[in-house]
Amino acid sequence: MFRSLLFIPGNNPSMLQNADVFLADAIIIDLEDAISIKEKDNARNLVHNYLTTSSVLPKQIVLRVNSIDTVWFKKDLDLLKTNKINYLLIPKVDSKTMIEVNEYLDAFLLNNNLDEIKIIALVETARGVTEIDKFAENKRLCAILLGAEDLTNDLEIKRTETNQEIFYARSKVIYACAANKLIAIDTPFTNINDLLGLEKDSDFSNSLGMKARACIHPNQLETVNRIYSPSNEEINWALEVFKAHQANPNVGAFQLKGKMIDKPIIERAKKIIEKAKLFNLM
Amino acid sequence: MKGIAGSKESNDCLITIESSVKRKIEINSIVGVFFYDQILKVVEDTLDEQGLHNVKVIVEDKGALDYTIKSRLLTAIERMREDV
């Protein structure tokens with residue numbers, strides 16, 4: 001479970017050596033867009049030595065590999081042999097790439113006697129958005145991250161700070177995730193100096209159903225963690241509901257402070273409590 | 001044959017390696033007063049692991065940790081081997 005995931009360029013020693021102190025729930029070590037073609041080997045070597053020799057690592061590590069149609073994809077996957085990577089972030093996912101990645105992973109994990117690995121699909125093309133229902137049921141998938149920069153580039157439209165242009169894509173990601181019990185992760189807010197804008201947009205994204213957000217600067221983490229966490233008010237409400245339910249376990253529906261409580265509301269309360277416990281909020 | 005990897009950014013190092021008649025290691029580090037021996041050991045151990053004896057290595061260090069020095073050196077070695 002995440003609220004915040006922070007992108008760190010795989011070729012940046014300063015960021016890597018501080019990765020464990022950032023407030024992010026997960027660190028995304030980027031071998032793709034943040035790394036120039038000439039530095040792919042350098043980044044891979046640095047990440048390998050960082051993962052294998054650092055005594056302290058972030059709680060959850062996501063590796064963004066290069067896409068499967070590049071010469072770097074297979075070399076990037078070799079980093080799984082470090083057994084330090086929790087999730088793979090696969091770029092430009094659509095139904096065809098998801099099949100190809102899974103077929104390659106099946107053989108790679110078996111041949112190298114490695115444990116299963118969870119995938120986060122980066123949906124950042126029009127095809128990826130339209131085909132999302134086809135690949136969202138994949139057994140390795142645990143989350144979908146919307147990539148709005150590449151998506152708006154694919155659509156040949158301007159990316160704005162209102163994010164109206166990505167409403168449809170956000171909705172597709174949210175519904176596919178909810179239907180398949182995946183985590184919906186929102187696209188980064190790219191203006192790192194506009195924390196009020198980040199707050200407003202994250203509030204809106206959270207109200208739609210996004211459960212986490214990718215960040216591109218450590219200064220975004222506090223805001224994102226706060227917004228995608230249950231509030232104190234929600235936690236107190238959930239605890240009251242849960243307590244009332246425990247007192248009347250055989251009653252299907254009951255009233256609490258004049259409001260009807262039934263199964264879906266009890267389930268929601270349980271989810272809030274689970275999240276609050278996980279993120280040490282209670 | 002020559003290979004270069006890394007940068008002069010903070011916490012990084014720039015490493016140059018080239019063929020030589022014998023092993024020669026030059027270290028210029030902002031923390032050399034305290035860590036010269038440690039940096040030298042990382043470089044020598046890595047060269048030994050790679051079976052490289054007749055090379056000249058120049059390390060321009062801006063406070064890199066051991067794993068950064070090692071990884072930059074490994075990349076420089078790979079690039080030197082490709083530089084034929």
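Letters go in sequence order (proteins before strands), and every chain restarts at 1.
Sparse packing is recorded around CG of Asp115(A), with 12 or fewer heavy atoms of other residues, nucleotides or ligands lying under 6.0 Å away. Heavy-atom neighbours of Glu100(A) CD from other residues, nucleotides or ligands within 6.0 Å: above the threshold of 12. Applying the 6.0 Å contact sphere to CD of Glu116(A) captures more than 12 heavy atoms from other residues, nucleotides or ligands. Within 6.0 Å of CG in Asn111(A) there are more than 12 heavy atoms belonging to other residues, nucleotides or ligands. More than 12 non-hydrogen atoms from other residues, nucleotides or ligands lie less than 6.0 angstrom from NZ of Lys139(A). The number of heavy atoms from other shown groups lying within 6.0 Å of CZ (Arg159(A)) is above 12.
Under a 4.0 Å N-O distance rule, the pair Glu78(B)/Lys75(A) does not qualify as a salt bridge.
With hydrogens and angles ignored, the 3.5 Å screen pairs a side-chain donor or acceptor of Ser14(A) with a backbone N or O of Ser10(B).
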Run Asp41(A) and Arg79(B) through side-chain contact (heavy atoms from CB on, under 4.5 Å) and show every step you take.
CA-CA 9 Å; Asp41(A) 55 345; Arg79(B) 289 175 178 179; 2.8 Å; yes
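Taking every heavy atom of both residues into account, Asn42(A) and Gly6(B) meet most closely at ND2-N, 3.4 Å.
Here the NZ atom belonging to Lys70(B) is positioned 7.0 Å from the OG1 atom belonging to Thr52(A), to the nearest 0.5 angstrom. Distance check, rounded to the nearest 0.5 Å: NZ of Lys40(A) to OG1 of Thr75(B) gives 14.0 Å. Distance check: Leu46(A) CG to Ile69(B) CD1 gives 11.5 Å after rounding to the nearest 0.5 Å. The distance from atom CG of Asn45(A) to atom OH of Tyr67(B), rounded to the nearest 0.5 Å, is 13.5 Å.
Contact check for Arg72(B) versus Pro13(A): side-chain heavy atoms found under the 4.5 Å cut-off.
Exactly one residue among Leu74(B), Leu65(B), Thr68(B) makes a side chain to side chain contact (heavy atoms under 4.5 Å, CB included) with Asn49(A). That residue is Leu74(B).
Chain B forms more heavy-atom pairs under 4.5 Å with one residue of Asn11(A), Thr53(A), Asn12(A), Leu16(A) than with any other, namely Asn11(A). Across His48(A), Glu39(A), Arg44(A), the residue that shares the most heavy-atom pairs under 4.5 angstrom with chain B is Glu39(A).
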